[in-house]
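Worksheet: one structure, shown below.
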Amino acid sequence: MKRLAELIACVLIGKCEGGDKFNMNAIYILWLRELKRYFRSRSRMIGSLGQPLLFLIALGFGLGPVFQRAGQGNYFQFLAPGVISMSILFMSIFAGIQVIWDRQFGFLKETLVAPVSRLSIMLGKTLGGATIAVIQGIFVFILALIVGFRPDLNLLPLALLFMIMIAVFFTAVGITIASLLEDMNGFQVIMNFIVQPLFFLSGALFPLNSAPAFLKIITSFDPLTYGVDGLRACLAKTNQYPVTLDLIILLVLIGVIMTIGSYFFSRIEI
Amino acid sequence: MENDYSIDVENLVKKFDNFTAVDNISFKVKKGEIFAFLGPNGAGKSTTIKMLTTLLSPTSGKLIINGNDAVSQQEKTRESFGIVFQDPSLDDELTAYENMQFHAVLYSIKKELWKKRIEELLRFVELWERKDHLVKTFSGGMKRRLEIARGLLHHPKIFFLDEPTSGLDPQTRNHIWSYIRDLSKKEGITIFFTTHYMEEAQESADRIAIMDHGKIVSTGTVEQLLQQTKQTSLEQAFLSLTGNAIRDEEASGIDRLRTHRQMRGGR
Ligand SMILES: Nc1ncnc2c1ncn2[C@@H]1O[C@H](COP(=O)(O)OP(=O)(O)O)[C@@H](O)[C@H]1O
Ligand SMILES: [Mg+2]
C-alpha cells in the first residue's frame, strides 16, 4: 500500500523514490525504439489496415440502408469514428503486449538493469506504443475519407486529443497485462476475453440511444465507450454523453491505469 | 575494510516457491579481481547473478555491490556494473549501432563520449563494418561480441559475464579473454564470470568458487582447489567436488525458446 501511494505521488508530481525524477533522455530513446520498430515492419503497418477497411465497407455500406430506414441517419458517418477507435484500441493493446516479446527475446533485461526508474521505462514504452496507435488511427481516418467519410473538420484538434487519450489508455492497459504474463500463451485469451468485448460493447458499431437498457449499462462500464463517443462528437456531431464528461472520464482512467501499471511493471522479475 | 570489496554477499538465499535455487551462500570479491563462478547446470549461478544485478530480489541475505545495497539502492547499484547475460538480450530489429546508442542513452553517457567509445568498442569486437546492419542478420558469435561491447560502454566497475563464450570458436574466445584480462589489469575492473570451459577459469581467474545444488562447495585459487582435492587439473578437481552425475537443466520459457532457436541454427 505504501508503495502504491509512493507511485501515485510519483506519477502526479514526477518525483519518485530515492529522489529520482523522470529521465527524459531515457523516455525519448524508448519512444524512438518503438517507432523505429514500427516503421521497419511494413507488413504490420499495412496488415493492420485490412480489418478496419473490411468493417468500413461491409458494415458501412451493408447496414447503411437499414440504418437510414430506421431514421438514424447516415451509418457510414456514424461508423467511421467507431472503426478509427477500434484500430487504435487493437494497435495500442498490441503495442503494450509487445513487452512480453521483449521479455521472451531477452531485450527487456537490458532495459531493466539500466539505471533508469521503472516509471520512466513504463512512460517511454507507453508513449511509444501510443504514438504508433495514433499514427495507425490517422491512417484509418484517411482510409475512411477515401471510402466516403465526410467529417466535420472544425474540431479536428479535439478529435486528435481523443485519439491520443484512447491510445495512451489502452497502451498502458496492454503493458499492465504484459507485466502480469510470463509468455505469449495468454495472448489469445486476452484478445477474446478483454479486447473483443471492449470493442463490441463500446457503442462503436451501434447507437446507444436505441439500445436496450441492460446493454446501455454494460457499455457505460467500457472505457472505450467514452473514447468513441468523444471522437464521434467531434467528427460526426452525434454523441450520447457530454464531451466534457468523456474527456474527464478518460483523463481519470489514464491516471488510474498509469498508477496500477507502473506498480505492476516495477515488480517484474526476470 | 568494506571498501576493498566489489562484491560482498552474506547468507544469500533464493527460493522459487518451495524449491531453493540458492542456498545460503556467502563470498567476497576484491576490487580488480577476476572471479570465476563454476558449477554444473542448474547449480544456481545465473540465479545468483540475477540477484547481484538487481533483476531478482533475494528471499533473504545481504548483497553489497560497490558499496551499495543491491536491494535498497537499486539504481546506484545499476550504474556501477555491466553485464552480459547468459540468454540473448539484444534488439534484433535494431542495428548494432542503434543497440549501442540505446544503451549509451539509458546510462546517461554524454554524446561526444559515446560516439567515440562506440566506435572504439565496435572496432575492437570487429563489428564496425557491420554497424548499420540489423542484429537479426548476425551470427551467434557476432551477437555475443556485440553484447560484450555494449556491456563495457558505460565503463562499469564490475563486469558480470554469464557464460560469455558459450558457442564461440576458440579464436573468438581467446580474443575476448585477452581483452577482458587487459581491461581488468589496466582499468581495475572487477570481473565476475561463469563458464563451462575449465581452461578459461584456469587461465584467467584469480579466484574460483564452485557451486553445486545452490551451495558453494569450495572457494580458492586454482592451486588451493587442486591441493584440497588432491587432483592435477581443474577439471578433475571440479568433477571430484561436484560428482559425475549428469544434471538435467529444467528449461524455463526462455531456455526452451533458446533451444528451439539453437535447433534452427541461431545461438
Ligand atoms: N524463475 C524460476 N522459477 C523457478 N525455478 C527457477 C527459476 N529460475 C531458475 N530456476 C531453477 O533454479 C535452479 C538454478 O538455475 P540457474 O541459476 O539458472 O542455474 P545455472 O545458471 O547454474 O545453470 C534450476 O534448477 C532452475 O530450474
Ligand atoms: Mg546459468
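Chain letters run A, B, ... following the sequence lines, proteins first and then strands; every chain starts at 1. All values below come from the heavy atoms of this structure, side chains included, with hydrogens, waters and symmetry mates left out.
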Heavy-atom pair of closest approach, residues [X] and [Y]:
X	Y	value
B:Ser89	A:Phe107	O-CD1, 3.4 Å
B:Arg78	A:Val116	NH1-O, 4.1 Å
A:Arg40	B:Glu93	NH1-O, 3.0 Å

**Message:** As an exercise: rank B:Leu94, B:Leu106, B:Asp91 by heavy-atom pairs under 4.5 Å with chain A and give me the winner.
**Reply:** B:Asp91
Mind checking the [atom1]-[atom2] spacing from [X] to [Y]? Nearest 0.5 Å is all I need.
X	Y	atom1	atom2	result
A:Leu108	B:Leu55	CG	CG	9.0 Å
B:Lys50	A:Lys109	NZ	NZ	7.0 Å
B:Met51	A:Glu269	CE	CD	10.0 Å
A:Arg118	B:Glu75	CZ	CD	9.5 Å

**Prompt:** What pairs with A:Asp222 under salt bridge (charged side-chain N to carboxylate O under 4.0 Å, His left out), at least two apart in sequence or on another chain?
**Reply:** none
**Asked** Which members of residues 115-137 of chain B, sorted by number, sit under 4.5 angstrom from chain A on a heavy-atom basis?
**Response** B:Leu134
**Prompt:** Which atoms of B:Glu98 come close to chain A, meaning under 4.5 Å heavy atom to heavy atom: side chain ones, backbone ones, both, or neither?
**Reply:** side chain
**Request:** Examine whether an atom of B:His103 lies under 4.5 Å from a heavy atom of chain A, and if so say whether it belongs to the side chain, the backbone or both; otherwise answer neither.
**Result:** both
**Request:** Might you work through the side chain to side chain contact (heavy atoms under 4.5 Å, CB included) test for B:Leu90 and A:Glu110, ending with a clear yes or no?
**Result:** CA-CA 8 Å; B:Leu90 296 164; A:Glu110 154 77 357; over 6 Å; no
**Item:** Check against side chain to side chain contact (heavy atoms under 4.5 Å, CB included), B:Phe102 and A:Leu30
**Value:** CA-CA 8 Å; B:Phe102 184 87; A:Leu30 282 153; 3.7 Å; yes
**Request:** Report yes if some heavy atom in the side chain of B:Phe85 is under 4.5 Å from a heavy atom in the side chain of A:Val113; otherwise report no.
**Result:** yes
**Item:** For B:Thr77, all residues meeting side-chain hydrogen bond (donor to acceptor under 3.5 Å, both in side chains), sequence neighbours excluded
**Value:** none
**Asked** Partners of B:Ser80 by side-chain contact (heavy atoms from CB on, under 4.5 Å), sequence neighbours excluded?
**Response** B:Ile65, B:Asn66
**Asked** Is it the side chain or the backbone of A:Ser41 that comes within 4.5 Å of chain B heavy atoms, both, or neither?
**Response** neither
**Asked** Are there more than 12 heavy atoms of other residues, nucleotides or ligands under 6.0 Å from atom NZ of A:Lys36?
**Response** yes
